[in-house]
Amino acid sequence: MKLGLDRLYRIASSLSFRIVLLFAGLLIASGLFVVLLAALHSQHSMEQQIRRAVTAEVAEILSSAGGRNLADIQPVIQSLVRHEPEFFYLLQDDSQRVVAGNMLHLHPWPGLRWLSHEHRRPSGERTQMIFGEGVLLKDGYLFVGLNARSLTELRRDVWMLLGWGVIGFAVLGVGGGTLLSAVILGRIETISVTARQIMNGDMSRRIPYQGGDDEFDHLSHSLNAMLEKNEQLIASLRQVSNDIAHDMRRPLSRLRQRLETAAAFPNVPAEGRDMIEGALDDLDGALEIFSSLLRLSQIEARIATDVLSPVPLDVLVGQIVEMYRPLAEDRGQSLAAGDAAPITVRGDIVLLSQMLSNLVENAINHTPAGSMIMVTRQVRDDCAILVVADNGAGIPPESREKVFDRFVRLDASRSVPGSGLGLSMARAIARLHGGTIVLSDNDPGLRCTIAIPRGS
């Protein structure tokens, strides 16, 4: 139910749905405007026709009577009542007493007038609307009217047509908008899913074609060509990095052996021996960087873990915390593991250990003395959640994604030993297990949250 409501909300908030609704609204407005103009024209024509008929009937009565005297008009009205049942006639004397006609008493009012209320005939028959003309006589009052029921029905039909037109156009507009938006959103969601898979590390993914040779297929073709080019460039860049790391290890190892041999000579002065030992330390750092780079490339090249086994995270967290606690204490820091129920995932225990070690070591290296580092775990939505949090200086929000790139080190960390590959390797391992890793504010400090599916 919730997924259905979410999908309807996405459809209703989409641009295509708003465009269709705007088009439907314009269509409704234009259609109703045309219908209203036609109805007003028909109503005006019918009203003019009734006016002319009434005016002509009054003129004929006065002409037949030969004057405006009550006595002359009375026989004419009596004859017309018998022969013209469609008309309404009323003849009253000065005291407003009905002398002749087929209507009840009216207040004398000259000129054209509407009797919009129900008016009864003497026989008891009712009519809803009468349009007529009143004439003040020398000794009375004459009114001639015509049944305007057809005009009333026309007005009623116009309003019903407008109402049903709004409802019909609204249903068609919303229904068509929903259908069209669902189709468009389906195509867009396909592109979005592919983009997310690519962002999660699967650079070989491509946007599927629908075979309709439409604008979306053209867009997919262009995006796939761009993705192909990007994959080639990234592969070339990684291959260059891997080749450099691989080719440099051998000459650097030989250089280290020669320095060790030179340091073993008995006639090497103490100052020279210290310089050789410093050079050996620098070479060890360079070799460690190249080893980490090769290891990162190997992890990123694997689509899934090769060795899957149950990994108890509570045991793994306890081992890593116990291993790094002496180092943290030597630096005046506090390292602890939060209490939680046992949590098990399927994965590569060696890689998961390396990921957690990198994060804990990163927290130790980048927080000052007196800082507290906490490693906790929990279960959320069928995912195992690992959190490494500290109360140090943290990382600015604009740099939290950037630090996952290779060799990226912020200005505040330039003096701290390291290669800038620890977080890159941690993200690669998390992605290898189908998980994610996110940096956020611990207020104060940094919070690193790793989510790994328990069934991975």
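Not measured: the values here are computed from a predicted model. Each residue takes its place number in the sequence, starting with 1.
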Original post:
Do M355 and L351 have side-chain heavy atoms sitting under 4.5 Å apart?
Top reply: no
Subject >> Which atom of I349 lies closest to which atom of S353, heavy atoms considered >> reply: O-OG, 2.7 Å
**OP:** Nearest 0.5 Å please: distance from the OG atom of S357 over to the CD atom of Q319.
**Re:** 10.0 Å
Subject >> Contact summary for T367 and Q333, nearest pair of heavy atoms >> reply: O-NE2, 2.7 Å
**OP:** Assess whether atom CE of M160 is packed by more than 12 heavy atoms of other residues, nucleotides or ligands within 6.0 Å.
**Re:** no
Original post:
Who passes side chain to side chain contact (heavy atoms under 4.5 Å, CB included) against Q49, sequence neighbours left out?
Top reply: R52
**OP:** Just jot down the salt bridge (charged side-chain N to carboxylate O under 4.0 Å, His left out) partners of R325, sequence neighbours excluded, or say none.
**Re:** E322
Subject >> Matching residue for Y324 among I373, V375, V360 - test: side chain to side chain contact (heavy atoms under 4.5 Å, CB included) >> reply: V360
Subject >> D381 atom CG: more than 12 heavy-atom contacts under 6.0 Å >> reply: no
Original post:
What residues, two or more places apart in sequence or in another chain, satisfy side chain to side chain contact (heavy atoms under 4.5 Å, CB included) together with V193?
Top reply: E189, R196, Q197
Original post:
Are R51 and E133 within salt-bridge range, i.e. N to O under 4.0 Å?
Top reply: no
Subject >> Within 6.0 angstrom of M275 CE, more than 12 heavy atoms from elsewhere >> reply: no
